[in-house]
Every structure is written in structure tokens, then in C-alpha cells.
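Presented below is the structure to which this report refers.
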Amino acid sequence: MSRNALELWVGLFVIAGLAALSMLALRVGNLGAVNVTDAYKVTASFGNVGGLNVKAPVTMAGVKIGRVSNIRIDREDYSAVVELSIDRRYNNLPTDTSAAILTSGLLGAQYVGLEPGGEESYLKQGDRIEITQSAVVLEQLIGQMLFSKAQGDG
Amino acid sequence: MSQDEKSNDSLIEIRDVGFSFGDRRIYDGLNMSIPRGKVTAIMGPSGCGKSTLLNFIGGRLRPDHGDVKLNGVSIPSLNRRDLYALRKQMGMMFQSSALLTDLNVFENVAFPIREHTELPDELIKNLVLSKLQMVGLRGARRLMPAELSGGMTRRVALARAIALDPMLVMYDEPFTGLDPISLGVIVKLIHEVNDALNMTSLVVTHDVAEGCSIADYVYLLGNGKVISEGTPEQMSETRSSDVRQFMDGLPDGPVAYHYPARDYKEDLFREWPNE
Amino acid sequence: MNSARLLGRWVINSILRLGRATVFLMSTLVGVILIMRRFSLIVQQVFAVGVLTVLIIVVSGLFVGMVLGLQGYNTLVDFGAESSLGLVVALSLTRELGPVLTALLFAGRAGSALTAEIGLMKATSQLAGMEMMAVDPIERVMAPRFVAGFVAMPLLAAMFTAIGVLGGFLIGVGLLGVDSGVYWTSMQEGVDVYDDILNGVIKSVAFGFVVTWIAVFEGYDAVPTSEGVSRATTRTVVIASLAVLGLDFILTSLMFSEV
């Protein structure tokens, strides 16, 4: 085979490989979706995060607008501090927005749902969401139900 | 010729070389002088380590003790860089020819030139064609090694060995497995190359007739030493039984016909699984 | 007593071989630096190990993706979760099957060819011939092949994965009626560019390194006879496959195990 043909084939090979890689990154992966690097971070404290994981989606009105980027314990009041990375395109969330940990379906993965408030000023990088609602822990719920039932009987 | 004259005029000096492969002793106190500008044949029975000697000179093996000098340079003590530089002045033709199977005849001969020089293509072409003309294969330059006959393969290997105009060309068993015509061609070429290019040639062979026909000087090896040396005429007159057995191809002699064994009769009467 | 001795010999030989392989790798890496200025040699080898392996990679990738589509659908549909089919196919391929199967096929196709080629060059004293022409075979022969394997492997793995995802699409969407949009979005929701795809690429780079190293070394270390070369070729496929699977376990536990 002549040298030109050989070089052509190798060139095509490399192009095909790179095309496959970029298809993986853009089409299969989420590089084209919410870009975590172009996001601002706010925190929210919860009494219990249940089964919430880092990278879980953050949604508003059912639309994904960000991800959970960190979960840690507050050293003073022992509550769970959840850090949310929110896409810069949604930089107009009112400061009295509330956050709740919700479950998709009855037993599905948990996510953070945001509910906008009515304030004029908007949340910025490093702000804290004050109004939160902890995860519903199914075992606790069942326990409470049985307990109250027993009390009602007695 | 006295010892003094000889060493003054020798390209390669081998002094007191000893070497063994594992437990097998190949050489034990080997001494040789290869005269400059001549064709020297090194002969000896198969397996006596003739090719090992070429590997010493090429620096691919190091003797256990002793020294190998090429043009006054001690080869075993060279570092890698100097050894590679020295090898550019040696050509070697392998028994298997060692042509690069993925390159055609032209590229095989051009290979050492391309690797070691930055010459323009035009000049490389002229150089290669002149070498191929010398071995009579200019017309075969587009063939691949697999398409060549045994004799042609050797001729290409020879053209490649002399591509860089070395001062020394080594031939490892150049006559083995050739038909009479190819054999004649190779014998003629070794002579021509040696005379025309003013090189020193070292031919390792077990082929007595061809070895004697081209050599100016002959070394006969056996038992890790030089058994005998001299011009081909001197060799054919020597009466020593070691020399006569090899030169005349006698089946039995100092090199025994039987592999060492215990007495035959005793062996026959032993219980069988007794080793 | 005898078997203890055999075991001992095997251990000693293995350690010696590992030592030779390491020395070989070091000198090859030095050769890689030197050979970089002769780009055309590398291009030639990328053709031999890369381009000639594309067909088997593409065909295998397509079939593996199609099988994943079928199996995944049949399992997921029992839980009413066939909308996750894209995610299942893509995660299996990017994290595991893409890099591992490509490496195994690569060892079988390109690795064995490399070993056989170099072993034959040794058996026909082409390597010795080069040395005598003052050309270092490690730099001239081994290094370009090593670079080529190292470059080709991640590209081949990416092709395998991409074709596999399309194969799953073909079966899941084309045949079994999963919605096309759902197939792709479930994938994009769940597959992370860094955690899944980049780690997959890192895996394939590591596998390319190991498989090529083994293949080239086995050829260089082969006993220079036809029997020796055929043994070395077999050993390349066996050792390289085992090494890929073992290394895959180690890499997976390093990459995907953090809490």
C-alpha cells in the first residue's frame, strides 16, 4: 500500500475514534446538559436528608436546574447541610425560596425540589435557603402511624 | 610469515578468548589474527561456535575473558554508543540473510543508508542502484524478499552488508543450501567485493571446498581452539589427523563417530529401565 | 518433593521474566522518546494495530449493544422500568464492556499479530541483522509498535462503546418500541462525563498500555524457532486477557467505590 493511502487510513481512523469519543461525551454523557462549572452554589439545612445522594438532581416545578454538590453535617446544630449547584441561567430565585427533599415515585431516588417564594431579591452564590422540609422517612412514618393508632385505641 | 609481521598487518586480533554457554565450553584460549584486506575463512565442524566468534566481533556477545580488537579498538570494553558507531563500519551477511520481510529489495539495501545518513533521495537511489548493479539484481529492486530465490536473497543481503562501504564484511555460512550456480555467484561476489572495495572479508563456513577456493588464509577450529592455520595450500598438505578428518570429510577420527556411551555389549545386557 | 521443586522453578522463572519485561519496558520507553521524531514509523504501526482492528471492533460492538438492548429490555420491562434501557446499555458499555471487551479483542487480533511479527523477525535474525547494522531494534521496531497500541486502544474502545449504544438503540427503539427520546435522555441523566466516560477512557488507556507491552515483550522474548513463536503468541493472548481482567477489577474498585 502506498504511503499516502496508509496515512489517509490512519487519519480516518483517528477521526472516527475522536468522533466516537465526542459522541460519547455529548450524546451519551451529560456534557451538553447542565454544566456544573457554570453554576452558583447555595446551601440548605435539613433535619434529615434520608437517602439523598451527592449528584442528585435539583428541580423546580419538575424541571432539572442543578445538582446536589455536597452533603455534610453542621458542627453546631447537627443538622445536615446540603450544598446545591444551580445553573446560572436560573439566577432569579427569590431569597424566600423553600427546599424539600422529595422522592420520585414511591420508592424511587430522592431529589431536592425548590418552591419559589415572593421576595424581590434573588439568591446569590453562598446564600442559604431558610425554609426547608426534611426527607420523609418511610419507616418513621409507619412507626408514627402505628403509634397514633395504638393511642387512639387506648 | 612471522608473528610480528602478521600482527602489524592484521585488522582483527583475538587474544586468549574464553567463553561458555552455561556448562558448555565453547572457547578456551582462542588466538587469531585476521589479515587486513584479505579473505580469511574460519572453518570447523557445526556447533563449534564459529558464529559466536562473529558475535564477539560484532559486539553482540562478550567473551568471558580475553580480548577482541578491531583496528586496535577493544570491542568488549566499548560502551553502547561507541559500539553502535563501530558497527557502522562492519557489514554482516547472515546465514538466513535477515532481510526485512516488509520492505522490498531496494528498501532493504537502502535501510542502513536511510537510518544512518540524511542523504537526499536522489543520492540514496544512486548508491543503492550501484550496489544492486554489483550483485546483478538492479532489475529485481521492486521484488519483496519472499519472491526471491535463496541465492538472490543472499545477494541482496550482500548488497545491504556493503551499503555503507564498511571496512569489514563478515559472512556467516554464505554457501549453505545454495544450488551450484548460486554458489558460484556468491563465491565470485565475495572475491569481487573484497578486491573492488578494498575491504577485509571474514567467511565462516563448514564448506571445505568453497572455503579453500576463496580464502587467502584459513583457520581451522575445534575443541575451542585453533587446530591449524595457514594458506589453503598449506592446509591441504598438513598431515595432522584433526585437519585431515575435517578437510577430507572422514566419518571417524579425532571427532568420534559415536556419541560418548558405555560399552555396547554391556549396554545390551543391562536390565532396561536402569538409567 | 518434586512438585515443590517444580513450583520453585516456576516462581523463579516468573520473577526472572517479570524482571526482563520491566527492563524491556524501560528501554522501550526511552526508545519511544527517540522515535517520536520519526512520525511515519508510528503512523505505519497505527495502521497495522488500529485500522486493521476496526472491523472486528465495530461488528462486536454492534452485537454486544444489541444483546444488551434485548436482555436489558426483558429484565427492565418486568419492573416497568424499560424507560431506563438507554441508561443500562450506556453504563454497562462505558464503564465495563467497552474498555474490557475491546482490550480482549485487541489482544486477540492486534496483540497476537504483534507477537508473531516480532517473534518471526527474531527467528529469522532480522533483529540481529538490525543490531549489526547499528540500528537498535528496540527503538526502531518495538517503540513505534508500543506507541501505536497505546494510541489505538482508547480510540477503538470509544468506537466499540459508541457503536454498542447505537446497537442498543436499534433493538430497544427500533424493535421493542422504547421511545427514542426516552432512550437518550435516560442516558444523559444517568451517565456522567467524568465519572463514567472519562473513567472508561482511562481504563482503555491502561489496557492498551498493558496489552501492547505484553504483546511486544513476548515477541521480543520468544524462543527464536517456529515453535517458540507460536508459544509466545498463545502466551500473549492468555496473559494479556488475564491481565486485562485483573487490572479491570483493580481499576474498578479504585474508580467506582468511593462513597
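Protein chains get the first letters and strands the later ones, always in sequence-line order, with residue 1 at the start of each.
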A:Leu24 side, atom CG; C:Asp196 side, atom CG - distance, nearest 0.5 Å = 11.0 Å

key: Spacing of C:Met159 atom CE and A:Leu18 atom CG [to the nearest 0.5 Å]   = 8.5 Å

ask   = Nearest 0.5 Å, what's the CH2-CG distance between A:Trp9 and C:Leu52?
value = 9.5 Å

task = Go through the atoms of C:Val201 and report whether side chain, backbone, both or neither lie under 4.5 Å from a heavy atom of chain A.
result = side chain

Structural part of C:Val165 lying under 4.5 Å from a heavy atom of chain A = side chain

message = Distance check, rounded to the nearest 0.5 Å: A:Arg27 atom CZ versus C:Gln188 atom CD?
response = 6.5 Å

key: Proximal component of A:Leu12, with respect to chain C [non-hydrogen, under 4.5 Å]   = neither

task = Please flag which part of C:Ala152 lies under 4.5 Å from any non-hydrogen atom of chain A: side chain, backbone, both or neither.
result = both

request  = Drop me the distance from C:Leu155's CG to A:Leu21's CG, to the nearest 0.5 angstrom.
outcome  = 6.5 Å

note = Taking every heavy atom of C:Ala162 against every heavy atom of A:Ala20, the minimum-distance pair comes out as CB-CB, 3.9 Å

query = Nearest heavy-atom pair of C:Ala90 and A:Val28: which atoms, and what distance?
reply = CB-CG1, 3.7 Å

query = Should the heavy atoms of other residues, nucleotides or ligands under 6.0 Å from CD of A:Gln125 be counted, would the total exceed 12?
reply = yes

query = By a 4.5 Å heavy-atom criterion (distance strictly below it), what part of C:Val54 contacts chain A: side chain, backbone, both, or neither?
reply = side chain

task = Would you mind checking which part of C:Leu166 comes under 4.5 Å of any heavy atom in chain A, side chain (CB onward), backbone (N, CA, C, O), both or neither?
result = side chain

query = Looking at OG1 of C:Thr185 and NZ of A:Lys64, how far apart are the two atoms once the value is rounded to the nearest 0.5 Å?
reply = 11.0 Å

A:Phe13 and its side chain to side chain contact (heavy atoms under 4.5 Å, CB included) partner, picked from C:Thr53, C:Val151, C:Val46 = C:Val46

message = If you count heavy atoms of other groups shown closer than 6.0 angstrom to CD of A:Glu83, is the number above 12?
response = yes

